[in-house]
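Let me begin by presenting the structure, written as C-alpha cells, before commenting on it.
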Amino acid sequence: MTKILDGFGKPCPMPLVMAKKEIDAGCHDLAVQVDNETAVKNLTRLGKKTGLAVACDAIEGGWLMTFSEGGGTQAAEPDLASALAANAGAACSTSGGCGYAVFVGKDHVGEGDGELGHNLMKMALYTLSESDDVPASLLFMNSGVKLVAGDEQQIIDSVHALEEKGTEVLVCGTCLDFYGVKDALKAGEVSNMYDILGRMQEAAKVITL
C-alpha cells in the first residue's frame, strides 16, 4: 500500500526531508503531495539519487510525486549526470571529502565599496571558470542568487563554463523566491538548503566568497 505524505504548504526543503526520512527507513512505495515546482525538482533528484523511479502527476492544487522500485515516468529536469560523472574522478580526495565547494552567499566580495565588491565577484567567478581545478559544487544563497539571475553576461558565461567543465551549480529556491527573480534564473538549477548543505558536507573543503 502506498504511503502518502502531505507536503502542501510546507516550505523548502521540508517535503524533501519528509520523503528522504521514509525512504531511508525502507519505504519504497511512497507518494508526496506538493504545491510548488521546486519541490517537484527536489523530489525528482531524490529519486535519481536513491535509484527509485519517480512519477509526477498533476492533482488539485499541485502535484503528486510517486516513488517506486518499478517503472515510472520521470519528471522533466535538466540531466547533470554526465557532467558529474566526468568530474567525479578528479574530485575525490583522500582527506575524506570530494573536491571542493564554493559558497556564494552574497553578490559581492568583501565589504566596502559596492561596485568594487561586485567587480571582484565577477573576476572571481571568471578566474574559477578558467582554472584547471574547478570546484565540484558552486552554491548560491541569499543575495548571491542575483548573480545567476541578473543581466551581467560575463558572470552567466563564467558559470556556464564551469557547468561545462563538470561543476554542479545549485541555486537556493527560497532565495530566488524572496528576491522575486526565479523566472530570471539563467544558470544553475533551483535547489534547497538540504542539498546545498549536503554538498558542503561532502566536500573536502569549502571556500566562501
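Just so we're clear, the structure is a prediction, and the values are computed from it rather than from any experiment.
- Between S158 atom OG and E152 atom CD the span is 9.5 Å, to the nearest 0.5 Å.
- Summarising the geometry, atom SG belonging to C172 is positioned 8.0 Å from atom CG belonging to N192; distances are rounded to the nearest 0.5 Å.
- Counting heavy atoms from C-beta on, the side chains of M123 and V109 never come closer than 4.5 Å.
- The nearest pair of heavy atoms linking S129 to A161 is CB-CB, 4.0 Å.
- Listed here is the closest heavy atom pair of K186 and D151: NZ-OD1, 3.7 Å.
- You'll find the side chain of L162 reaches within 4.5 Å of the side chain of P135, heavy atoms only.
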Name the atoms and distances for all side-chain donor-acceptor pairs under 3.5 Å in residues 14-23, with sequence neighbours left out.
from	atom 1	to	atom 2	distance (Å)
K20	NZ	D24	OD2	2.7
K20	NZ	Y194	OH	3.3
E22	OE1	K3	NZ	3.1
E22	OE2	K3	NZ	3.1

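- When hydrophobic clusters are built by joining Ile, Leu, Val, Met, Phe, Trp and Tyr residues whose side-chain heavy atoms come closer than 4.5 Å, directly or via intermediates, V206 is grouped together with L170.
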From CA spacing to verdict: side chain to side chain contact (heavy atoms under 4.5 Å, CB included), V171, L185: CA-CA 9 Å; V171 186; L185 184 64; 4.1 Å; yes
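- The distance from the SG atom of C27 to the CG atom of L52 is 9.5 Å, given to the nearest 0.5 Å.
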Candidate pair M193 and T174, rule side chain to side chain contact (heavy atoms under 4.5 Å, CB included), full reasoning: CA-CA 9 Å; M193 180 70 75; T174 299; over 6 Å; no
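- Remark: of the listed residues L147, V148, N142, L147 is the sole one forming a side-chain contact (heavy atoms from CB on, under 4.5 Å) with D107.
- In the hydrophobic clustering of ILVMFWY residues, with side-chain heavy atoms under 4.5 Å counting as a link, V134 and I156 come out apart.
- When atom types are taken as modelled, the side chain of K165 and the backbone of S131 share a donor-acceptor pair closer than 3.5 angstrom.
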Test log, rule side chain to side chain contact (heavy atoms under 4.5 Å, CB included), inputs L30 and T2: CA-CA 5 Å; L30 177 70; T2 301; 5.6 Å; no
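- Taking 4.5 Å as the limit, some side-chain heavy atom of E189 sits within range of a side-chain heavy atom of E168.
- Under the side-chain contact (heavy atoms from CB on, under 4.5 Å) rule, V40 has a single partner from T44, N36, L43, which is T44.
- Counting non-hydrogen atoms of other residues, nucleotides and ligands closer than 6.0 Å to OH of Y179 gives a total above 12.
- Counting heavy atoms from C-beta outward, D57 and W63 have side chains that stay 4.5 Å or more apart.
- Between S191 and I196, the closest heavy-atom pair is OG-CG1, 4.3 Å.
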V32 vs F67, side chain to side chain contact (heavy atoms under 4.5 Å, CB included): CA-CA, chis, key distance, verdict: CA-CA 8 Å; V32 188; F67 294 83; 4.2 Å; yes
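- The shortest distance between side-chain heavy atoms of E115 and H108 does not fall below 4.5 Å.
- Formation of a donor-acceptor pair under 3.5 Å by the E163 side chain with backbone atoms of V169 is not found in this model.
- Partners of D157 under the side chain to side chain contact (heavy atoms under 4.5 Å, CB included) rule, at least two apart in sequence or in another chain, are Q153.
- Taking each heavy atom of K106 and S143 in turn, the nearest pair found is CA-OG, 3.1 Å.
- Here the side chains of M200 and L139 are in contact, with some heavy-atom distance below 4.5 Å.
- With values rounded to the nearest 0.5 angstrom, M65 atom CE is found 9.5 Å from N42 atom CG.
- Closest approach of V104 to M121, counting heavy atoms only: CG1-CE, 3.7 Å.
- For the atom pair OH of Y100 and CD1 of I207, the computed distance is 5.5 Å after rounding to the nearest 0.5 Å.
- One distance of note links CG of L64 with CD1 of I4; it measures 6.5 Å at 0.5 Å rounding.
- Here the shortest heavy-atom pairing between V54 and G47 reads CG2-CA, 3.5 Å.
- Inter-residue side-chain proximity for V159 and F140 is flagged as met; some heavy-atom pair is nearer than 4.5 Å.
- Two residues are said to be in side-chain contact when any heavy atoms from C-beta on lie closer than 4.5 Å; K10 and Q33 fail this criterion.
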